[in-house]
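Below: one structure, written as structure tokens.
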Amino acid sequence: MAKKNAFYAQSGGVTAVINASACGVIETARAHKKHIGKVYAGHNGIIGALREELIDTSKESSKTIAGLRHTPSGAFGSCRYKLKGLEENKAEYERLIDVFKAHNIGYFFYNGGGDSADTCLKISQLSQTMGYPIQAIHVPKTVDNDLPFTDNSPGFGSVAKYVAISTKEAALDIESMCETSTKVFILEVMGRHAGWIAGASGLAAESEGDAPHIILFPEIAFNKDKFIKRVKQTVKKHGYCVIVASEGAQYKDGTFLADSGNTDAFGHKQLGGVAPTLATMVKDELGYKYHWAVADYLQRAARHIASKTDVEQAYAVGKAAVEMAIAGKNAVMPAIIRGKGKRYSWKIAEAPLSEVANVEKMMPRNYISKDGFGISEQGKDYFKPLIQGEDYPPYTKDGLPQYVKLKKVFAEKKIKKKFVI
């Protein structure tokens with residue numbers, strides 16, 4: 001078979017280590033020049049393919065590509081754009097195939113979460129029927145840690161480490177001031193339907209009475225009376241109360257505590273504001289002085305304190321994606337499999353996209369404490385190895401992390417007709 005080029009794109013919310021996956025894809029492709037020609041990257045994700053805005057990664061030096069491993073965010077640009085079904089918008093798929101044909105692209109590596117897995121599967125299936133077969137491999141990424149089949153998702157371990165550390169540090173601050181100042185601190189973290197990130201904050205509690213004293217999970221129905229009672233008991237016992245709340249915390253009927261009423265490009269409800277909502281409850285019911293914070297982009301951008309395990313796994317899935325493509329695999333995802341035994345180990349296996357796309361993995365109930373306000377020992381055993389190890393980026397003489405910037409040289413456009421999104 002004639003040598004084909006590859007297309008790589010980043011999708012959805014970026015992470016501290018998604019560029020490590022990009023590094024794994026590009027470096028591995030460069031090491032297999034007999035099989036893969038150039039690697040083009042979509043400028044702003046799949047939109048780059050639709051607009052024929054392809055970044056020619058061959059114009060970037062080996063040093064710059066290697067530097068992606070320790071650089072946060074999405075170096076090539078990401079997007080929240082979901083391809084509609086073939087029946088709804090056939091023109092999008094025809095455009096993709098036209099662009100792939102024009103640039104001799106036969107490999108498609110899509111780095112993202114569950115919706116990206118769905119897009120990857122659709123392209124694999126429909127490219128066959130449209131007469132231009134594409135080997136589509138999904139490269140897993142999501143801070144939410146909700147992809148099925150894989151033990152954990154690259155991007156999650158670093159968020160987990162950041163949230164656990166931030167919880168511990170903020171708790172020490174509150175403890176030192178609680179006698180005459182703030183009694184309650186609330187940290188809002190990401191997690192629409194799955195409480196993995198909130199759960200990771202439980203690692204901050206190393207001894208009895210340590211914060212967080214309350215964790216709110218989407219998987220556990222919120223009960224205002226129980227919540228207020230626990231806050232009051234905690235302040236009485238310890239002098240202060242630290243709460244970590246998932247943005248997806250919800251009532252028994254499924255209503256989010258912080259439903260903004262809007263939806264994103266994927267049709268998901270936009271959330272945000274659970275911390276001030278809880279703070280208002282505390283103030284109205286108990287009158288305590290409070291502070292709240294939203295981890296927001298900081299939790300997923302903090303490459304300076306990334307988990308070494310996470311960085312290594314992010315690179316590994318990018319590398320494995322290329323190796324699977326060279327081996328003739330299609331419509332699969334490299335998955336992380338946890339080894340058995342007391343000592344943590346992991347390996348890469350493949351998962352079929354037909355069973356990955358549009359499936360969310362929730363936190364098991366046995367990872368959550370019986371009272372629903374913390375994590376169990378089983379939960380701690382799951383989280384601990386994912387945040388272990390440090391992989392600091394190089395620092396400049398001025399004391400700042402040294403991150404790389406790409407030249408982003410675009411390939412010459414070969415299709416005259418522009419595509420409007």
Side-chain angles (χ1 to χ4, degrees), residues 144-146 160 163-168 170-172 174-175 178 182-258 271 274-275 277-288 290-293 295 360-384 386-387:
D144 290 332
N145 199 40
D146 58 359
V163 168
I165 290 172
S166 297
T167 299
K168 178 175 278 295
L172 291 171
I174 301 302
E175 184 181 15
C178 67
T182 304
K183 301 287 188 187
V184 175
F185 174 69
I186 305 164
L187 177 63
E188 178 181 326
V189 300
M190 290 177 174
R192 183 180 292 108
H193 295 127
W196 296 102
I197 298 176
S201 71
L203 293 177
E206 297 179 286
S207 302
E208 179 68 27
D210 285 354
H213 304 107
I214 298 173
I215 304 175
L216 299 181
F217 306 90
E219 293 88 347
I220 303 295
F222 178 77
N223 183 298
K224 181 180 176 180
D225 292 338
K226 288 183 178 179
F227 169 71
I228 293 298
K229 183 179 180 181
R230 177 58 66 91
V231 173
K232 186 176 181 180
Q233 290 173 339
T234 304
V235 172
K236 185 177 180 180
K237 185 175 181 179
H238 302 292
Y240 69 107
C241 179
V242 173
I243 302 157
V244 177
S246 169
E247 64 180 350
Q250 54 192 274
Y251 293 100
K252 190 174 182 179
D253 65 359
T255 303
F256 292 109
L257 271 69
L271 304 177
V274 69
T277 298
L278 293 168
T280 299
M281 289 182 192
V282 169
K283 180 183 179 183
D284 291 347
E285 298 293 331
L286 300 172
Y288 294 145
Y290 64 81
H291 271 272
W292 56 265
E360 286 183 300
K361 179 181 68 177
M362 307 303 176
M363 263 189 77
R365 183 60 181 87
N366 67 337
Y367 284 11
I368 302 172
S369 60
K370 289 182 179 180
D371 63 9
F373 284 135
I375 58 173
S376 65
E377 287 304 313
Q378 294 99 315
K380 285 187 177 181
D381 289 342
Y382 171 80
F383 288 119
K384 279 180 181 178
L386 303 182
I387 74 166

| query | With a 6.0 Å cut-off on ring centres, are Tyr382 and Trp196 close enough? | reply |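 Yes, close enough.
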| task | May I ask you to check whether Tyr240 and Phe185 place their ring centres under 6.0 Å from each other? | result |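 Ring-ring flag for Phe185/Tyr240: false, centres at least 6.0 Å apart.
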Side chains of residues 250-258: which donor-acceptor pairs under 3.5 Å do they make with residues two or more places apart or in other chains?
from	atom 1	to	atom 2	distance (Å)
Gln250	NE2	Gly248	O	3.2
Asp253	OD1	Thr255	N	2.9
Asp253	OD1	Thr255	OG1	2.9
Asp253	OD2	Thr255	OG1	3.3

Measure the shortest side-chain to side-chain distance between [X] and [Y] over non-hydrogen atoms and say whether it is less than 4.5 angstrom.
X	Y	answer
Met362	His193	yes
Val184	His291	no
Val163	Ile165	no
Ser201	Ile215	yes

Measure the spacing between [atom1] of [X] and [atom2] of [Y] and express it to the nearest 0.5 Å.
X	Y	atom1	atom2	result
Ile186	Leu216	CD1	CG	9.0 Å
Thr234	Lys183	OG1	NZ	13.0 Å
Asn145	Met190	CG	CE	14.5 Å
His213	Lys237	NE2	NZ	9.0 Å
Ile228	Leu278	CD1	CG	8.5 Å

| field | Under 3.5 Å donor-acceptor, Glu188 side chain and Glu247 backbone | value | no
| task | Would you check if the side chain of Asp144 reaches a backbone N or O of Asp146 as a donor-acceptor pair within less than 3.5 Å? | result |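 Not confirmed, Asp144 side chain does not pair with Asp146 backbone.
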Which pair of non-hydrogen atoms, one from [X] and one from [Y], has the smallest distance, and what is that distance?
X	Y	answer
Ala211	Thr167	C-CG2, 4.5 Å
Ala295	Val189	CB-CG1, 4.4 Å
Ala204	Pro212	CB-CD, 4.1 Å
Lys361	Ala194	O-CB, 3.8 Å
Gly209	His238	CA-CE1, 3.5 Å
Gly199	Ile375	O-CG2, 3.4 Å

| said: The test is side chain to side chain contact (heavy atoms under 4.5 Å, CB included); show your working for Met363 and Ile368 and say whether it passes. | reply: CA-CA 8 Å; Met363 263 189 77; Ile368 302 172; 3.9 Å; yes
| query | Given Ile387 and Leu203, is the side chain to side chain contact (heavy atoms under 4.5 Å, CB included) satisfied, shown in steps? | reply | CA-CA 10 Å; Ile387 74 166; Leu203 293 177; 3.6 Å; yes
| Do NZ/NE/NH1/NH2 and the carboxylate oxygens of Glu360 and Arg192 come within less than 4.0 Å? | no
| request: Quick one: list whatever passes salt bridge (Lys or Arg N to Asp or Glu O under 4.0 Å) with Lys226, sequence neighbours left out. | output: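 Counting only residues at least two positions away or on another chain, Lys226 forms no salt bridge (Lys or Arg N to Asp or Glu O under 4.0 Å).
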| Within 6.0 Å of NZ in Lys232, more than 12 heavy atoms from elsewhere | no
| query | Going through the distances and angles, do Cys241 and Val235 end up as a side chain to side chain contact (heavy atoms under 4.5 Å, CB included)? | reply | CA-CA 6 Å; Cys241 179; Val235 172; 3.9 Å; yes
| field | Pairing residues for Ser376 by the side-chain hydrogen bond (donor to acceptor under 3.5 Å, both in side chains) criterion, not counting sequence neighbours | value | Gln378
| task | Would you please test Ile243 and Trp292 for side chain to side chain contact (heavy atoms under 4.5 Å, CB included) and show each step? | result | CA-CA 9 Å; Ile243 302 157; Trp292 56 265; over 6 Å; no
| Taking only residues two or more places apart in sequence, or in another chain, which ones meet Lys283 in a side-chain contact (heavy atoms from CB on, under 4.5 Å)? |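 With neighbours one apart ignored, the set is Tyr290.
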| field | Residue list, side-chain contact (heavy atoms from CB on, under 4.5 Å) with Asp371, at least two apart or on another chain | value |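 Asp371: side-chain contact (heavy atoms from CB on, under 4.5 Å) contacts with Arg230, Ser369, Phe373.
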| Under the salt bridge (charged side-chain N to carboxylate O under 4.0 Å, His left out) rule, what pairs show up with a residue in residues 198-210, not counting sequence neighbours? | Lys168-Glu206
